[in-house]
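Throughout, protein chains are lettered first and strands after them, A, B, ... in sequence-line order, and every chain is numbered starting at 1.
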Amino acid sequence: MAIHKIILASFLVYLMIQFSHGATKERLFSDLEKDALDVTAKPSRQGVLDAGIDKLSITWKLSSTAKKQANFKTIKVKLCYAPVSQVDRPWRKTENELFKDKTCPHKIITRAYNKSSQSFKYTLDRDIPTGTYFVRTYAVDAKDHEVAFGQSTNEAKTTNLFSVQAISGRHKSLDIASVCFSVFSVLALLVFFVNEKRKAKLEQSK
Amino acid sequence: MAPNHSNENGSIGSSLHGVTAREQIFSFSVEDGPSSQAIRSDDPTAKFALPVDSEHRAKVFKPLSFAKPHMRAFHLGWISFFTCFISTFAAAPLVPVIRDNLDLTKTDIGNAGVASVSGAIFSRLAMGAVCDLLGARYGTAFSLMLSAPAVFSMSFVADAGSYLAVRFMIGFCLATFVSCQYWTSVMFTGKIIGLVNGCAGGWGDMGGGVTQLLMPMVFHVIKLTGATPFTAWRFAFFIPGFLQIIMGILVLTLGQDLPDGNLSTLQKSGQVSKDKFSKVFWFAVKNYRTWILFVLYGFSMGVELTINNVISGYFYDRFNLTLHTAGIVAASFGMANFFARPFGGYASDVAARLFGMRGRLWTLWILQTVGALFCIWLGRASSLPIAILAMMLFSVGTQAACGALFGVAPFVSRRSLGLISGLTGAGGNFGSGVTQLLFFSSSRFSTAEGLSLMGVMAVVCTIPVAFIHFPQWGSMFLRPSQHEERSKEEHYYGGEWTEEEKSLGLHEGSIKFAENSRSERGRKAVLADIPTPETGSPAHV
C-alpha cells in the first residue's frame, strides 16, 4: 500500500539524517579553549536598544593566553542570550553538545582570522527578539569545527550585558486592512440573513 | 406561491407534512419559485439526483458529485470545517517566529494552546441549538464569518495576553464541526451515516495537518516580497481569514438546509415546525448516553487536538529534527485523517449491517482502546523510527474512533440531534483542554511521560462505552429488551415527545426516522417480520 511505502521511505531518510549527525555528536562546548579572544561589545547609546535602529561596536583580538591559534581559520561572531532571557524558554537552552546548543542563534558576521585587532559596527537586525544579550566569537578551523571562543561577558554571563527591544511588526496599513475585511465579513453575513428573512416573510404573506 | 397543505388535522397538524414524502412539496429553494411551480409529478423523489429514503435523505454517497442538495451540502460542510481547522491551528507552525516577536515563555505558549481549544467548548454547545433552530447553513456561516475578524486581528497582537485572547476567539470557529455533522446527518440516511460523517469529519480534521505546511509556505512567500519576519507572520493570517469569508458566502449562496429546502422557508410555510429550545435542550441533557459520548469524544478527538498542538515540538526536542522536518511529521499525523476517520465510520456501518448497534459500539471501543495503547507506546519509544511507527498507528486508531463515534451519535436522539452533536463536539475540546492542562503545561512531566499518561487516561475513559444501552438494540454486553413496547424503535424516539405533542402530530418526523433506523437491528432486521406500528403513520395512506 502507498502509505507503507511512504513510511518506509521516511524511515530511511531519517536514519540517514541520524547518521550524518553522528559525526558531530561528540563535540562539546567544554572542550573549546576559553577566552582565546578578547571581545568587547559597546552599544551605541545607553538604555534599551531598538532592533533595526541601534548599533553595536564589536571588537575582537587574539588574547595573550591563547594556545590553539595555529588552527584558527575563520572567526564567527554571534549574538547570544543571557541566562535571564533563557528562563522558561527551552528553545534557547544552553547545552554542552555543540550541535544541540541554542545559546547563540543570531549570526553577526563571519571573517577570516587575522592576528590583529578586528572591529565591526553591527546594526541590530529587525528580527532580533526582545531580550538581554552578550556577544561571543567562535574561532573555527579548516574543517568548520569550533576550537576556541571568546565572549564580551564573564563566565557566569552576568557582566556587560545589554538589552534589546524588538520591533513590534505591526503596520498601520495592515491594521486598516484587517479592520476593513472584518467589517466586510460581518456586514455580508447580516445582509444575507436579513434578505432571506424578508423573502421568507414575502412567501408567507402570499 | 402558496405551499400545499393537507387538511386532515387542521393547519397545525399539517406542520410536518413537508417531510413525509406523501405531499407535493418544494425540493428547491425559494429563489427557484417559478420553475418549481411547473413541476407536478407523482413521485416526489424523482427530483433528486441521488436515490433517497422517505425523509428525502440520500441513500447513496458519491464523493465526486456536487449535485444539489445532498452532495453539495456534504462538500460545503466539510470544506468549511477544514477552513476552520486551518485557522485554529494556523499559529502552531509559526510559533517559533511569534514567540520571538511577542517575547513568549513556554507557559504562555502552553496556555494559548489550551485557550485555542477551549473557546469551542461553548461555541459547539451553542451551535447545536443554532442548527436545530436556524438550520445548518446559518450555523456554518455564522461560525465562519463572525470568527473571521478574530483571525484578521492577529495583526494587532502585541503581547502574550492579547495572543492568548485572539487564539481563544479564533477557536470559537471550531463549532463548524457541529454544523457540518448536523448537515450531513439530515442529508444522508442512517445506513451510510457512519461513512459520510467519517469522511466529512476526517477531511475537515485534515486542516490541522495542512496548516502545518500551508502557513510556513505563506510566511515564506510574504518574506520574499520584502517583509520582515515579525510583519510577515501577521500578514500570513490574512489567508485563513479570506478562506473563511469566501466559504461563508459559498455556503449561503449554494447551500440548502434540508433536502426539501431552506429551514426558514419550510418553517414559514408551515412545513417544518419550530421546536422549543427548552424541550430540545432538556431531552439532550436528560439522556445519559449524551454524557458518555461527551467523555468518549474527549479522549479520541480531545487527544487528537492536543497532539496537533504538541507533537511538532515533541519531535523537534526529543529527536532533534529541524523545525521543517518536525512540521512534516506533525502534518502527517493530521493528514492520516483523510482515510482514518472515514475508515472508522465505514467500519461502524459494516458492523451495524452485521450486528446492528452492538456492532457499532464494539467497533468504537476497539478502535479507541487500540489507539490509546499506541499513544502509550509513542511516549515510551526512544528511537525515531519506532516513534514514527507508533505515532502513525496511534493516529489511525484514534481518528477511526472519532469516525465510529459519529456512527452512533445520530441514533441517540432525533429531536435533539443538533444539540447532542454540539455536546459531543464540546466534549472533544473539553478533553483536549484537560489533557493539555494536566500533562503538557508544566514541567512536572516530560512531554514523553505526558503522552504515555494521556494514553492510559484514554484507555480508562473509553470503558464507559459498555454502559450505552438502547432498549431496542441492546448494548455491548446486554441483549435488546424483550418487552413488547420498549423493544420498538418508535417507542424510544417517540418517548421524546409528550402525549399532547403527539396528538398534534409533531412527532411524525421522529417516527419516520424510527422506521428508517430499523437497520440498526443488524441482520435480524432483514429476516424478522416486523409489523407496521399503530402509532405514527400518516393518516392519508
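- Nearest heavy atoms, B:Gly450 versus B:Phe440: C-CZ, 3.7 Å.
- Taking non-hydrogen atoms and a 4.5 Å limit, the residue list of residues 41-52 of chain A in contact with chain B is empty.
- Chain B forms more heavy-atom pairs under 4.5 Å with one residue of A:Val183, A:Thr130, A:Leu189 than with any other, namely A:Leu189.
- Neither the backbone nor the side chain of B:Val151 has a heavy atom closer than 4.5 Å to any heavy atom of chain A.
- Among all heavy-atom pairs drawn from A:Ala166 and B:Phe230, the shortest one is CB-CE1, 4.0 Å.
- Contacts of B:Phe238 with chain A are made by side-chain atoms alone, with heavy-atom separations under 4.5 Å and no backbone atom involved.
- A:Val39 places none of its side-chain heavy atoms less than 4.5 Å from the side chain of A:Phe134.
- In this structure, the portion of A:Ser168 lying under 4.5 Å from any heavy atom of chain B is its backbone and not its side chain.
- The part of B:Tyr138 that comes within reach of chain A is its side chain, from C-beta onward, which places non-hydrogen atoms under 4.5 angstrom from that chain.
- The part of A:Phe184 that comes within reach of chain B is its side chain, from C-beta onward, which places non-hydrogen atoms under 4.5 angstrom from that chain.
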Margin query: I'd like to know whether A:Asp35 forms a side chain to side chain donor-acceptor pair (under 3.5 Å) with A:Ser63, so could you lay out the CA-CA distance, the side-chain angles of the two residues, the decisive distance to 0.1 Å, and finally the verdict.
Written below: CA-CA 7 Å; A:Asp35 299 324; A:Ser63 150; over 6 Å; no
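- Using a 4.5 Å cut-off between heavy atoms, B:Ser155 touches chain A through backbone and side chain atoms alike.
- Taking both residues in full, the closest heavy atoms of B:Pro229 and B:Lys223 are given as CG-CD, 4.0 Å, listed atom of the first, atom of the second, then distance.
- Heavy-atom distances place the side chain of A:Lys102, and not its backbone, under 4.5 Å from chain B.
- Qualifying ring pair (Phe, Tyr, Trp, His ring centres under 6.0 Å) partners for B:Phe338, counting only residues two or more places apart in sequence or in other chains: B:Trp203.
- With a threshold of 4.5 angstrom between heavy atoms, B:Ile109 approaches chain A through side-chain atoms but not through N, CA, C or O.
- Counting heavy-atom pairs under 4.5 Å between each of A:Gly131, A:Ala177, A:Pro129 and chain B puts A:Pro129 at the top.
- When the SG-SG distance for A:Cys104 and A:Cys80 is compared with the 2.5 Å cut-off, it comes out below that value.
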Applying side chain to side chain donor-acceptor pair (under 3.5 Å) to A:Asn160 and A:Ser152, what does each step give before you reach the verdict?
CA-CA 7 Å; A:Asn160 291 335; A:Ser152 65; over 6 Å; no
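- Of the N and O atoms on the side chains of A:Ser178 and A:Asp175, not one donor lies less than 3.5 Å from an acceptor on the other residue.
- Side-chain contact check for B:Gln244 and A:Ser185: no donor-acceptor pair (N or O, by modelled atom type) lies under 3.5 Å.
- Here the side chain of B:Ser143 pairs a donor or acceptor atom with the backbone of B:Cys173 at under 3.5 angstrom.
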